Amino acid sequence: MNARAFLCSYSPHPDSLLKQRTSLGPPPPTPMPRKCFAPATWFQCPVRWISGGRCYMFRVSTRNPGLKSEQYEITDVQESAKLESGQDDDRGVVPWWEEFPKRWVIVILCFSAFLLCNMDRVNMSIAILPMSAEYNWNPTTVGLIQSSFFWGYLLTQIAGGIWADTVGGKLVLGFGVVWWSIATVLTPVAAKLGLPFLLAIRAFMGIGEGVAMPAMNNILSKWVPVSERSRSLALVYTGMDLGSVTGFAFSPFLIHQFGWPSVFYSFGSLGTVWFATWLNKAYSSPLDDPQLRPEEKRLILTNSVPREPVTTIPWGLILSKPPVWALIVCHFCHNWGTFILLTWMPTYYNQVLKFDLTESGLVCILPSLTMAISANLGGWIADTLVSNGLSVTAVRKIMQTIGFLGPAFFFTQLSHVDSPAMAVLCMACSQGTDAFSQSGLYSNHQDIAPRYSGVLLGLSNTAGVLAGVLGTAATGYILQHGSWDDVFEVSVGLYLTGTVVWNLFSSGEKILD
């Protein structure tokens, strides 16, 4: 196609200003002859033509704009200096933040929500030490307080999944962050009013955090193609790990400087910043986003499942599938040990390893950092294996087996170590291998039931939260009548049970449409 053919295909509007880039080759060395029709108004338009690393500026003139047959001329041909490699003129350059994939903006916002989620959750694990001293709580009472969070968390798992699948994840996740942030800020007030008020406000906080995971799963099932699923989920769950790191790192400092209520006031107030950004940037589906670039929309929609809204939940069909029950059972087995680590480890470091409050908070950082690194490593490995042709079923089984057997092995070593450093190392390795579960069972809901992923995660996470309620409370009871070795033995038994069930009944193939 030559320059004349290009110009003949150009039909300008008198009110428009054309800035056209093309790679048709260098322009003619001399202006084309002037050819005009009989009287009409002239229309002129500057055109910029970039080719071969050089920029050419010329002017297109026409009479009778709006007619189908027109004559054009090129005047004032100017050649700019040669452009540097990869360089462009300032005009028309799209800023990098506008070219950044919107689906990863959604992933990062979900990541930050989960960062706040665990910051607000683990601050009680540190604050409970000065609080129990101030209010004279015994280990059973401490276990009751720690488990009260899971009472509310348990209530909203399935409800949050149904809500997210029917009205959209944006509304549900936004509601959850605002709700739990308010409950966090009110925690010191409730503690001063009495134990029943504290138990109630912790349960209310759990209600808000309970909808977060189903809502996130619903959003990512719509925004993220399957080839990026493990990495995106790993990044989001890394937010939980880094939230633990942040909570454990800053809580002791705030307690020493301003008293234990300060951790609840400061952490809870951050939710307002997140919520303002979420309202402005997030959409439940790529179909709802008017600013989504067409090429990214095509990429998402051609690599994702259909997006018809859910109107009814086929409970009978869902509960008749063995892979669904594998998710439910294994989520329970996994979360028993995970929540014990999350809620009781500062106490373990303080009572068994004799660390003070600050040291207990700081040494909790290492396992959480290890988990954050391992989660993203596991996500990259899982996506690479799938891209290289290994079945999704095999990948999920491999990753979850590591996520079960790794923590089980390192838990068994805790009774044999004779130094605090080795105990912390075992904890770090336990949580590091546990993070591979994020590319195992936590990615599996979108594999087997993408359209009902929110409901399915709510269903399986209900079992996981039940493990948190029972495991956290039972740990307090066991410690009052037994030892930490007994606590770890129960967790190891459940990890081994989960390994068997997962490898026998799980699947990576879609079983519900």
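Everything quoted here is computed from the prediction, not taken from an experiment.
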Inset, instruction - Measure from NZ or CZ of R121 to the centre of the six-membered ring of Y153, then state whether that distance is under 6.0 Å and the direction lies within 45° of the axis. - result: yes
Inset, instruction - With the side chain counted from C-beta on, respond yes when L242 and L369 share a heavy-atom pair under 4.5 Å apart, and no when they do not. - result: yes
Legend entry - Aromatic plane relationship, F404 with Y495 - under 30° parallel, 30 to 60° tilted, over 60° perpendicular: tilted
Inset, instruction - Return the orientation label for the Y237 and Y442 ring planes: parallel under 30°, perpendicular over 60°, tilted otherwise. - result: tilted
Legend entry - Exam field: side chain W278 to backbone K170, donor-acceptor pair closer than 3.5 Å: yes
Inset, instruction - Flag the pair L292 / W223 as yes when at least one side-chain heavy-atom distance between them is below 4.5 Å, and no otherwise. - result: yes
Inset, instruction - Might you point out which heavy atoms bring S232 and L220 nearest each other, and give the distance in Å? - result: OG-CD1, 4.3 Å
Legend entry - Step-by-step side-chain contact (heavy atoms from CB on, under 4.5 Å) determination, L235 to W104: CA-CA 10 Å; L235 179 60; W104 283 97; 4.0 Å; yes
Inset, instruction - Taking all heavy atoms of A463 and all of F332, pick out the closest pair and write down the distance. - result: O-CD1, 3.2 Å
Inset, instruction - Taking the side chain as every heavy atom from C-beta outward, state whether L115 and M240 have any atom pair closer than 4.5 Å. - result: no
Legend entry - Contact summary for N123 and D120, nearest pair of heavy atoms: OD1-O, 2.8 Å
Legend entry - Sidechain-backbone polar pair: Q431 side chain, M371 backbone, donor-acceptor under 3.5 Å: no
Inset, instruction - Let me see the working for N118 and D241 under side-chain contact (heavy atoms from CB on, under 4.5 Å), right down to the final yes or no. - result: CA-CA 7 Å; N118 260 31; D241 303 326; 5.7 Å; no
Inset, instruction - Heavy atoms only: give me the nearest A215-L173 pair and the separation to one decimal. - result: CB-N, 3.8 Å
Inset, instruction - Would you sort out whether K510 and D447 count as a salt bridge (Lys or Arg N to Asp or Glu O under 4.0 Å), showing the intermediate values? - result: CA-CA 6 Å; K510 185 166 69 172; D447 296 328; over 6 Å; no
Inset, instruction - Indicate yes or no for a side-chain donor-acceptor contact from S374 to the backbone of G432 under 3.5 Å, with no hydrogens or angles considered. - result: yes
Inset, instruction - Compare all side-chain heavy atoms of N461 with those of N335 and state whether any distance is below 4.5 angstrom. - result: yes
Inset, instruction - Check the pair R231 / V224 against side-chain contact (heavy atoms from CB on, under 4.5 Å), numbers first and verdict last. - result: CA-CA 10 Å; R231 280 171 288 172; V224 180; over 6 Å; no
Legend entry - T141 and N138: side chain donor to acceptor below 3.5 Å: yes
Legend entry - Heavy-atom check, side chain of L270 versus side chain of W274, under 4.5 Å: no
Inset, instruction - Please examine the side chains of S266 and F250, heavy atoms only from C-beta on, and report whether any two atoms are closer than 4.5 Å. - result: no
Inset, instruction - Grab the two heavy atoms, one from S460 and one from H445, that are nearest each other, plus how far apart they are. - result: OG-NE2, 2.8 Å
Legend entry - Exam field: side chain W325 to backbone L319, donor-acceptor pair closer than 3.5 Å: yes
Legend entry - Side-chain heavy-atom pair N217, L233 within 4.5 angstrom cut-off: yes
Inset, instruction - State the CE-CZ distance between M119 and F267, to the nearest 0.5 angstrom. - result: 4.5 Å
Inset, instruction - Report yes if the distance between the aromatic ring centroids of W163 and F175 is under 6.0 Å, otherwise no. - result: yes
Inset, instruction - Heavy atoms only: give me the nearest S285-K222 pair and the separation to one decimal. - result: CB-CD, 4.1 Å
Inset, instruction - Scan side-chain atoms only and decide if T238 and N376 contain a donor-acceptor pair under the 3.5 Å cut-off. - result: yes
Inset, instruction - Using atom types as modelled and distance alone, determine if a side-chain donor or acceptor of Q438 lies under 3.5 Å from a backbone N or O of A375. - result: no
Legend entry - Heavy-atom donor-acceptor pair, S221 side chain to N218 backbone, under 3.5 Å: yes
Inset, instruction - May I ask you to decide if F248's main-chain N or O and S251's side chain share a donor-acceptor pair within less than 3.5 Å? - result: no
Inset, instruction - Please determine if E296 and K102 form a salt bridge, counting it only when a charged side-chain N lies under 4.0 Å from a carboxylate O. - result: no
Inset, instruction - Verify, without hydrogens or angle tests, whether T156 (side chain) and I207 (backbone) share a donor-acceptor contact under 3.5 angstrom. - result: yes
Legend entry - Aromatic plane relationship, H331 with H334 - under 30° parallel, 30 to 60° tilted, over 60° perpendicular: perpendicular
Inset, instruction - Give a yes or no on whether Y135 atom OH has more than 12 heavy-atom contacts from other residues, nucleotides or ligands under 6.0 Å away. - result: yes
Inset, instruction - Verify, without hydrogens or angle tests, whether S430 (side chain) and C426 (backbone) share a donor-acceptor contact under 3.5 angstrom. - result: no
Inset, instruction - Answer with yes or no whether the side chains of N444 and S506 bring together a donor and an acceptor at under 3.5 Å. - result: no
Legend entry - Derivation of the side-chain contact (heavy atoms from CB on, under 4.5 Å) call for I145 and I128: CA-CA 9 Å; I145 294 169; I128 198 72; 4.1 Å; yes
Legend entry - Beyond-backbone contact of R103 with P225, side-chain heavy atoms, under 4.5 angstrom: yes
Inset, instruction - Hey, can you tell me if W179 and F204 have their rings parallel, tilted or perpendicular (30° and 60° cut-offs)? - result: parallel
Inset, instruction - Look at the side chain of S439 and the backbone N and O of G379, then say whether any donor-acceptor pair between them is shorter than 3.5 Å. - result: yes
